[in-house]
Amino acid sequence: MAAAGSAVGLGNIWKFPYEVGQNGGAAFLLIYILCVVLLGMPVMLSEFLIGRRARANVAGAFRKLSGGNRWVLMGLLGVVCAFFILSFYFVVAGWGIEYIYQAACNNFAGKTTDGLARFFADFSSSSFRPLLWDVVFILLTLYVVVAGVEKGIERYSKILMPFLLLILILLCVRSVTMDNASAGLAFLFKPDFSKITPTVILSALGQAFFSLSLGLGCMITYGSYIRSDNNLMRTVAQVSVLDTIVAVLSGVAIFPAVFALGIDPAQGPQLVFVTLPSVFTQMPGGYIFAILFFVLLSIAALTSTISILEIMVAFVSEEFHCSRKNAAIVTSLVIVISSALCSLSLGADTRLTLFGRTLFDWCDFLVSKILMPVGGFFIAIFVGWFCSKKDVRDELSHGAVVSEWFVNAFLFLMRFVVPIAILLIFLNELGVFDLLS
Ligand code: PHE
C-alpha cells in the first residue's frame, strides 16, 4: 500500500496528461506502456530486491550488498534527485490546495474555459498565494514524517484512493459524452507513428520512472520494510498496474474534454488545472465533485511527498548522525527555499530563467530526463553485475515458486537489456545515432 501510495500521485493526474499532450498523444502512450513493462517493472523489482535483501536505507543498502563504499554514491544521487523533485512537486501540490479553496468557494461556476485559463495564469504567476500553499504543503509533509504517522496516512489512503478512482471514472464518463469527444479519444488511443521522435521516447521513459517512483531509491527504502514472505513479483505487478490505470483514466478524463472545449493539448503544466474545472462546471453535482477531487488529489500527492522526503531524512539522519526530527526540519527548510524559488520563477515579475527555462522547468527536466533514467541504469547494472546470484534467487523465490530459467531471464534483462535500452535512448536523444531509422 505504501509503495502504491508513493507511485500514485501528481505524476499520474497532473504530469502524465500534459506529457501526453506535448508528445503527440497515443504514440507517447504506447511507448510509455512499453517503458513501464520492459524497463520500469524490472527496475522496480530490482529496487525491492535490493531493499529487502539489505534491510537498510539507500546508501546503506548499496554498501551492504556490494561490500564497499563505491556504490554509496548511488545513495547520494537518490538524495539529489529527491531534492529536485520536491522543489517543484511541492509547488504543484500547493496549487492543488488553492484549487480546493476555489472549489469550496464555488469560484469555477460561471467561468468559461478562457476565464479558467486566465485565472490559473494569474494565480500561478502571482507571488504570495502559491508560496503560501507551497509552505503549507511542506509543513504538512514535515508533520507526518516527524510525528511518524505515515502508517495512519497509509491506512486512510487505502480507504480514500478508491474514491479518487471513482471520481476519475465519473469524470471520464462526463468527458467522453461531450460533443467532439471522439477526437480526444482518437488523440489518446490512435497512434500516429510519425509523432515518435527521440525526445518523445526519452520523455516516455522519464515519465514511466517518475510515475513508478523509480531510480532514486524510494522503492529500495520501501523494499526494506517488505515482509520476507511477500511475493515481490506480485507486488510489482499490482503497483504498476494500478499506477498505469490511474494515469490512463486521467487521460480519458482529460483529452475528450480538451478537444470538446477547444483547449490546446500541448500547453503544458496548466492543462489539468484548466481542463478539469471546466468539466466540473458542466456536470451535475460538479461543486461537490470538484472539492472531493482536489482533496483526494492532495492526499495522493501527500503520500508521494512523504516517500520522497523520507529518502532525504533517512540519509541525513544516518550519515550525519542526527535525530530524524532535526534531519527532517533541516531538509524541509532547504526545500522551502528551493521550492519558493521554483514557484517564483513562474512569476510575472520574478521570472527566473536559465538558458530560456524557468527554475521550475529545470528541476522537472533534470529529474525526469536525466537523474531518474541514470538512477535506473545503475540499479540495473548493480543487480545484474554486482549482486550475487544467490541473493537475487533467494529474494525472487520468497513466497513464490520461480524456476532457474526465470532467474536467468531476469538477470539477462538487468545485465543487458535494461542498461543498453536506457543508454540507447540517451544516445538517441543526443543525436549520436538515430534509433528510428
Ligand atoms: N510517483 C510519484 C507520482 O507519480 C512521484 C514520485 C517520484 C514519488 C519519485 C516518489 C519518488 O506522483
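The chain is numbered in sequence order, starting from 1. Worth knowing before you read on, the calculation uses all heavy atoms, side chains too, and leaves out hydrogens, waters and symmetry mates. Quick caveat: nothing in here was measured; it's all calculated off a predicted structure. In each ligand, atom 1 is the first atom listed, and ligand 1 is the first ligand listed.
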Checking ring-ring contact (aromatic ring centres under 6.0 Å, His included) against Trp95, which of Phe360, Phe88, Phe119, Phe137 comes through? Phe360
Between the side chains of Asp361 and Thr358, is a donor N or O closer than 3.5 angstrom to an acceptor N or O? yes
Region of Leu216 that comes within reach of ligand 1 [heavy atoms, distance under 4.0 Å]: side chain
With a cut-off of under 6.0 Å to the ring centre and 45° to the axis, is Arg357 in cation-pi contact with Phe365? yes
Can you find an N/O atom of Leu10 closer than 3.5 Å to an N/O atom of ligand 1? yes
Among side-chain atoms of Asp134 and Ser343, is any donor-acceptor pair under 3.5 angstrom? no
Check contact between Met372 and ligand 1, using heavy atoms of the residue and a distance below 4.0 angstrom. yes
Indicate yes or no: does Lys15 engage Asp364 in a salt bridge with an N to O separation below 4.0 Å. yes
Check whether the ring centres of Tyr32 and Phe16 lie less than 6.0 Å apart, and answer yes or no. yes
Need the ligand 1 atom indices (1-based, order shown) with element for anything under 4.0 Å from a heavy-atom of Gly9. 3 (C), 4 (O), 12 (O)
Report yes if some N/O of Ile308 lies less than 3.5 Å from some N/O of ligand 1; otherwise report no. no
Step through the shown structure and confirm whether more than 12 heavy atoms of other residues, nucleotides or ligands are within 6.0 Å of CZ on Arg155. no
Atom 1 (N) of ligand 1 sits nearest the protein heavy atom Phe210 O, 2.8 Å
Are Val383 and Met414 side-chain neighbours, meaning at least one heavy-atom pair lies under 4.5 Å? yes
What I want to know is whether Ile85 and ligand 1 share at least one N or O pair that is separated by under 3.5 angstrom. no
Before accepting this row, confirm whether a basic side-chain N of the pair Arg63/Glu318 lies closer than 4.0 Å to the acidic partner's carboxylate O. no
What atoms in ligand 1 come closer than 4.0 Å to a heavy atom of Ser6? 1 (N), 2 (C), 8 (C), 10 (C)
Element-labelled atoms of ligand 1 that are located less than 4.0 Å from some non-hydrogen atom of Asn12: 4 (O)
Are Phe320 and Val330 side-chain neighbours, meaning at least one heavy-atom pair lies under 4.5 Å? no
among protein heavy atoms, the one nearest atom 4 (O) of ligand 1 is Ala7 O, 2.9 Å
Are any of the heavy atoms in Tyr89 under 4.0 Å away from ligand 1? yes
Could an N or O of ligand 1 be found under 3.5 Å from any N or O of Ser307, whether backbone or side chain? no
Considering only protein heavy atoms, which is closest to atom 11 (C) of ligand 1, and at what distance to one decimal place? Ser213 CB, 3.5 Å
Atoms of ligand 1 close to Ser211 [distance to a heavy atom under 4.0 angstrom, numbered from 1]: 1 (N), 4 (O)
Does any N or O of ligand 1 fall below 3.5 Å from an N or O anywhere on Cys218, backbone included? no
Using a strict 4.0 Å cut-off to heavy atoms of Gly11, name the atoms of ligand 1 that fall inside it. 3 (C), 4 (O), 12 (O)
